[in-house]
Peer 1: 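Structure below; questions to follow.
FYI, side chains are in, hydrogens and waters are out, and symmetry mates aren't considered; it's all heavy atoms of this structure. Nothing fancy with the numbering, it's 1 onward along the sequence.
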Amino acid sequence: MLQVSEAEAIILNLVQPLDPQQDTEFVDLLTADGRILATPVTSQLDFPQWDNSAMDGYCVRYEDVQHCSAEHPAVLEIVEEITPGKEPQSTIQPGQAARILTGALIPTGADTVVMQEVTRREENRVFIEATPQPQQFIRQRGSYYQAGTQLLPAGIKLNAPEIGVLAASQSIQPRVYRRVRVSIISTGSELVTPDTSLQTGQIVDSNQYALFCLVKQAEAKAHMLGIVKDDVEAIEQAIASAVANSDIVISSGGVSVGDYDYIEKIIESLGGKIHFNTVAMKPGKPLTFATFSRGDAPVERLHDTPDNDATDTAPIGRLSCLYFGLPGNPVSALVTYWRFVQPTIKKLSGLTSGWEPKFVKALTPQDLYSDGKRETYLWGQLSLNGEGVYEFHLASGSHSSGNLINLAQTNSLAVLPAGTTSVSKGEHVKVLQVGNF
């Protein structure tokens with residue numbers, strides 16, 4: 001049975017990011033939010049593109065105002081008013097100034113902007129009552145970015161600031177990595193869909209819906225393949241189809257040691273390589289990780305679900321398909337997803353950094369307990385207290401792998417190492433962030 005760190009190392013060392021040549025597409029700027037930039041972006045524009053004013057005031061020659069004060073103001077003739085988008089019509093001569101608004105172009109001859117709060121105007125004259133710094137409040141052309149140099153690097157996620165930069169640079173069709181394709185299967189004859197009238201002994205399949213949501217949050221394309229009953233042929237057919245069409249396959253259930261736990265035998269029969277099948281963690285001990293090799297030829301694509309866009313047309317490449325056989329208990333399925341699958345999707349997607357699991361140290365206002373036999377994950381909420389210190393608040397109720405109810409509103413998992421049976425109130429605990437807080 002592998003330690004958690006060993007399992008993590010095996011998985012993440014096998015993950016190779018999507019190919020920056022084959023696994024990319026061009027997308028419109030308004031659909032690029034959340035995508036991973038595949039190639040560096042440069043621009044032929046300087047930023048700012050012209051010298052412009054950072055303040056409402058007056059643009060002047062510094063030598064005309066370098067010795068002024070409230071008692072001895074410099075008096076200058078106003079020869080023009082310059083608004084944003086207007087090209088200046090005058091050259092500022094000695095003893096002259098131009099009224100200028102924020103963002104407007106600096107006229108020839110001026111080298112400094114004086115903010116209006118230290119001026120006084122009388123008709124076409126302005127009194128400068130304080131000495132500015134040379135070149136004050138002028139945004140110099142190219143001072144933010146010089147044309148032809150790298151504007152944005154590859155491997156970053158495009159959020160609002162980056163989208164704004166792309167728009168400003170007129171890069172309206174960035175090249176991004178295609179979305180990672182993830183297929184989700186639930187196994188078990190006892191499972192039914194949420195819209196089914198429950199019969200005695202049946203269980204609603206919550207795993208597929210929760211995992212679908214998590215995969216989408218990771219900016220991947222999620223495909224729900226439904227419930228597969230405990231039938232070897234049906235499970236084999238479902239896994240074979242999923243592997244052929246996916247970068248990652250996630251199944252839940254069927255990986256323990258029960259009479260109907262067929263997953264491992266089926267993986268091997270399909271040519272998959274099982275790297276491990278148990279991890280020393282609680283919850284989540286029965287976790288299977290395997291890889292499948294693929295040939296060169298593209299394969300038939302899965303039908304897009306209603307919640308997925310259909311713009312992804314790039315063929316599937318040569319990368320191995322990664323297979324995660326998660327436990328069937330709902331908490332175990334989500335904890336193992338957060339711990340192993342989430343960073344896998346992020347690294348595979350092309351992110352150059354930030355795909356690693358994110359841990360912080362947090363104070364616990366409650367006593368935390370574990371049997372100490374395995375690395376234990378306790379779910380709850382992470383927050384910042386009034387002093388700006390992380391605190392982890394344990395979810396109330398039973399911490400059973402089958403208790404999905406108190407997993408609601410979870411955004412973090414406290415980690416108690418193997419051999420640790422308790423963490424006392426007021427002490428620090430290692431916490432894995434799994435959501436926003």
Peer 1: Is it true that Arg181 and Ser246 share a donor-acceptor pair across their side chains at a distance under 3.5 Å?
Peer 2: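 Side chains of Ser246 and Arg181: no pair found under 3.5 Å.
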Peer 1: Check this for me: Glu117, atom CD, are more than 12 non-hydrogen atoms of other residues, nucleotides or ligands nearer than 6.0 Å?
Peer 2: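 Yes, enclosed.
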Peer 1: Search all heavy atoms of Phe392 against all heavy atoms of Ala362 and return the closest pair with its distance.
Peer 2: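 Scanning both residues completely, I find the closest heavy atoms to be N-CB, 3.9 Å.
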Peer 1: Judged by modelled atom types alone, do Ser424 and Asp367 share a side-chain donor-acceptor pair under 3.5 Å?
Peer 2: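 Absent: no donor and acceptor within the cut-off.
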Peer 1: Rounded at 0.5 Å granularity, tell me how far CD1 in Ile239 sits from CD1 in Ile267.
Peer 2: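 So the gap between those two atoms works out to 5.5 Å.
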Peer 1: Give a yes or no on whether Ile172 atom CD1 has more than 12 heavy-atom contacts from other residues, nucleotides or ligands under 6.0 Å away.
Peer 2: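 Not more than 12 within 6.0 Å, no.
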Peer 1: For Lys86, is the NZ atom crowded, meaning more than 12 foreign heavy atoms sit under 6.0 Å from it?
Peer 2: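 Result for NZ/Lys86: enclosed.
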Peer 1: Look at Arg178 together with Asp247 and state whether they make a salt bridge at an N to O cut-off of under 4.0 Å.
Peer 2: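 Looking at Asp247 together with Arg178, the answer is yes, because their closest N to O distance falls below 4.0 Å.
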Peer 1: Please report the interatomic distance CD1(Ile227) to CG(Asp205), rounded to the nearest 0.5 Å.
Peer 2: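 The CD1 atom of Ile227 sits 4.5 Å away from the CG atom of Asp205.
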Peer 1: If the threshold is 4.0 Å, N to carboxylate O, is there a salt bridge linking Lys282 and Asp371?
Peer 2: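 Here Lys282 pairs with Asp371 in a salt bridge, since their nearest N and O are under 4.0 Å apart.
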Peer 1: Could you check whether Glu8 pairs with Arg339 (Lys NZ or Arg NE/NH1/NH2 to Asp/Glu carboxylate O, under 4.0 Å)?
Peer 2: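 So Glu8 pairs with Arg339 through a salt bridge.
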Peer 1: I'd like to know whether CG of Leu198 has more than 12 heavy-atom contacts from other residues, nucleotides or ligands below 6.0 angstrom.
Peer 2: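 Correct, the count exceeds 12.
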Peer 1: Counting only heavy atoms not in Lys229, do more than 12 sit closer than 6.0 Å to its NZ atom?
Peer 2: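 Yes, enclosed.
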Peer 1: His275: what forms a ring-ring contact (aromatic ring centres under 6.0 Å, His included) with it, not counting sequence neighbours?
Peer 2: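 Residues passing ring-ring contact (aromatic ring centres under 6.0 Å, His included) with His275: Phe289.
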Peer 1: In Å, rounded to the nearest 0.5 Å, how long is the span from CG of Leu151 to CD of Gln44?
Peer 2: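 Atom-to-atom, Leu151:CG and Gln44:CD are 11.0 Å apart.
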Peer 1: Between Arg141 and Asp51, does at least one N-O distance fall below 4.0 Å, as a salt bridge requires?
Peer 2: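 No salt bridge links Arg141 with Asp51.
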Peer 1: Going by distance alone, is a donor N or O of one side chain under 3.5 Å from an acceptor N or O of the other, for Ser169 and Ser171?
Peer 2: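 Note: Ser169 and Ser171 side chains meet the donor-acceptor criterion.
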Peer 1: With a 3.5 Å cut-off and no angle check, do the side chains of Ser251 and Tyr323 form a donor-acceptor pair?
Peer 2: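 Result is yes, a qualifying pair exists.
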